[in-house]
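Scroll down for the structure; my scribbles are underneath it.
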Amino acid sequence: MTEEVLPKSITDEPAEMQFYIVSPRKFWTLNIMTFGFYSVYWFFKHWQEYKKSTGEDLWPIARGIFSIFFAHSLFSLMETKYEIQHKAKPSRIFHYATLFVVASILGNIGSRLADNEIGLPYTMYSMYITLIISSFCLHKAQSLINLASADPNGSKNDRFTLLNFVWIFIGLVFWIFLIIGTFAITAQ
């Protein structure tokens with residue numbers, strides 16, 4: 001009698017999904033100070049950790065840059081990780097992915113309109129509002145994955161690095177110019 005040998009991928013137990021851990025304080029500071037550019041890195045890191053842990057063939061850089069197309073799948077995987085870890089359904093965050101996508105698109109439209117001096121100052125205000133909404137959506141997802149990873153406070157990644165401070169400084173300069181521009185437009 002011969003024994004059938006199954007491929008290694010079928011006989012192995014599934015890999016445990018891992019995601020990026022970051023504290024709420026660090027997340028909010030970096031995302032707001034970089035005017036949302038941190039979210040590209042945030043998506044990239046989540047997909048990179050997921051790829052490392054599962055071995056799935058995907059491009060984390062592309063998924064970070066084009067996050068609006070991959071937000072729903074990432075949030076869904078985060079819900080799955082929580083369910084596996086806690087043997088219970090999590091608070092749904094899938095709708096936050098939709099809200100993130102809508103806020104990102106509206107923020108981009110507001111930015112383009114403001115660049116062309118259409119609807120000022122309201123189009124500039126819309127950029128601030130959509131930044132807060134999209135940050136809130138990502139924060140909800142991050143909170144869930146921190147819980148699923150048994151680090152609800154994100155203490156593994158709470159300290160700011162030198163590179164974080166460089167990005168915060170660049171963001172601060174950007175914010176100063178943006179606020180001065182907003183006041184100048186509003187005063188006219």
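Below, all heavy atoms of this structure are taken into account, side chains as well, without hydrogens, waters or symmetry copies. Position 1 is the first residue of the sequence, and the numbers go up from there.
With a 4.5 Å cut-off on side-chain heavy atoms, Tyr122 and Ser126 do not count as touching. By the 4.5 Å heavy-atom criterion applied to side chains, Asn31 and Phe27 are counted as neighbours. Considering only heavy atoms from C-beta on, Tyr82 stays 4.5 Å or farther from Ile145 through its side chain. Side-chain contact check for Ser143 versus Leu147: every heavy-atom pair is 4.5 Å or farther apart. Side-chain atoms of Asn146 and Gln142, non-hydrogen and from C-beta on, do get closer than 4.5 Å to each other. A heavy-atom distance below 4.5 Å is found between the side chains of Phe136 and Tyr96. Between Leu58 and Phe70 the shortest side-chain heavy-atom distance does not fall below 4.5 Å. Residues Ile84 and Lys81 form no side-chain contact, since every pair of their non-hydrogen atoms from C-beta on lies 4.5 Å or further apart.
Listed here is the closest heavy atom pair of Val101 and Ala71: CG2-CB, 4.2 Å. Minimum interatomic distance between Thr80 and Met17 (heavy atoms only, all atoms of both residues): CG2-CE, 3.7 Å. In terms of heavy-atom proximity, Trp28 sits nearest to Ser135 at CZ3-CB, 3.4 Å.
Judged by distance alone, the side chain of Arg25 and the main-chain N or O of Asp158 form a donor-acceptor pair under 3.5 Å. Distance alone, capped at 3.5 Å, places no donor-acceptor pair between the Trp47 side chain and the Phe19 backbone. Of the possible donor and acceptor atoms, none in the side chain of Gln85 sits under 3.5 Å from a partner among the backbone N and O of Ser149. With hydrogens and angles disregarded, a donor-acceptor distance shorter than 3.5 Å links the side chain of Thr54 to the backbone of Glu56. Panel note: side chain Glu79, backbone Phe94; a donor-acceptor pair is recorded below 3.5 Å. A donor-acceptor distance shorter than 3.5 angstrom exists from the side chain of Ser39 to the backbone of Gly36, with no hydrogens or angles considered. Of the possible donor and acceptor atoms, one in the side chain of Lys26 sits under 3.5 Å from a partner among the backbone N and O of Arg159. Asp115 places no side-chain N or O within donor-acceptor distance of the main-chain N or O of Arg112, the cut-off being under 3.5 Å. A donor-acceptor pair is defined here as one N or O able to donate and one able to accept, closer than 3.5 Å; no such pair exists between the side chain of Ser155 and the backbone of Asp151. Although no hydrogens or angles enter the test, the distance criterion places a donor-acceptor pair under 3.5 Å between the side chain of Ser53 and the main chain of Tyr50.
Classified by interplanar angle (parallel below 30°, tilted 30° to 60°, perpendicular above 60°), the ring pair Tyr128/Phe35 is perpendicular. By the 30° and 60° cut-offs, the orientation of the rings of Phe100 relative to Phe43 is tilted. Classification of the Tyr38-Tyr20 ring pair by plane angle, with boundaries at 30° and 60°, yields tilted.
In the hydrophobic clustering of this structure, Leu172 groups with Ile180; members are Ile, Leu, Val, Met, Phe, Trp, Tyr whose side-chain heavy atoms approach within less than 4.5 Å, directly or through other members. When the side chains of ILVMFWY residues are joined at heavy-atom separations under 4.5 Å, either directly or via intervening members, Ile132 and Leu178 end up in two distinct hydrophobic clusters. Neither Phe177 nor Ile179 shares a network with the other; the hydrophobic side chains, linked directly or stepwise wherever heavy atoms of I, L, V, M, F, W or Y lie under 4.5 Å apart, form separate groups for each. In this structure, Leu120 is a member of the same hydrophobic cluster as Phe183, with clusters built from ILVMFWY side-chain heavy atoms closer than 4.5 Å. Criterion: ILVMFWY side-chain heavy atoms under 4.5 Å apart, direct or through other members. Under it, Ile170 and Met33 are not part of a common hydrophobic cluster.
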Legend entry - Working for side-chain contact (heavy atoms from CB on, under 4.5 Å), residues His46 and Arg63: CA-CA 10 Å; His46 276 293; Arg63 289 179 183 232; over 6 Å; no

Legend entry - side-chain contact (heavy atoms from CB on, under 4.5 Å) assessment of Tyr41 paired with Lys45: CA-CA 6 Å; Tyr41 178 77; Lys45 286 301 287 181; 3.3 Å; yes

Inset, instruction - Go through the steps for Ile118 and Thr123 under the test side-chain contact (heavy atoms from CB on, under 4.5 Å), then give the verdict. - result: CA-CA 7 Å; Ile118 299 170; Thr123 51; 5.6 Å; no

Inset, instruction - Please step through side-chain contact (heavy atoms from CB on, under 4.5 Å) for the pair Tyr125 and Thr182, ending with a clear verdict. - result: CA-CA 8 Å; Tyr125 298 150; Thr182 302; 3.8 Å; yes

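With no hydrogens or angles considered, a side-chain donor-acceptor pair links Gln18 and Glu16 at under 3.5 Å.
Interatomic distance, Leu138 CG to Ser104 OG, rounded to the nearest 0.5 Å: 7.5 Å. Considering NE2 of His139 and OG of Ser134, their distance stands at 13.0 Å, rounded to 0.5 Å. Taking CG of Leu99 as the reference point, atom CD1 of Ile93 lies at 12.5 Å (rounded to 0.5 Å). In this structure, CZ in Arg92 is found 7.5 Å from NZ in Lys89, a value given to the nearest 0.5 Å. Atom NZ of Lys140 sits about 7.5 Å away from atom OG of Ser91, to the nearest 0.5 Å. Atom OG1 in Thr29 sits 6.0 Å away from atom CD1 in Ile168 (nearest 0.5 Å).
In this structure, the ring of Phe160 has its center less than 6.0 angstrom from the ring center of Phe165.
For CH2 of Trp59, the number of neighbouring non-hydrogen atoms (other residues, nucleotides, ligands) closer than 6.0 Å is 12 at most.
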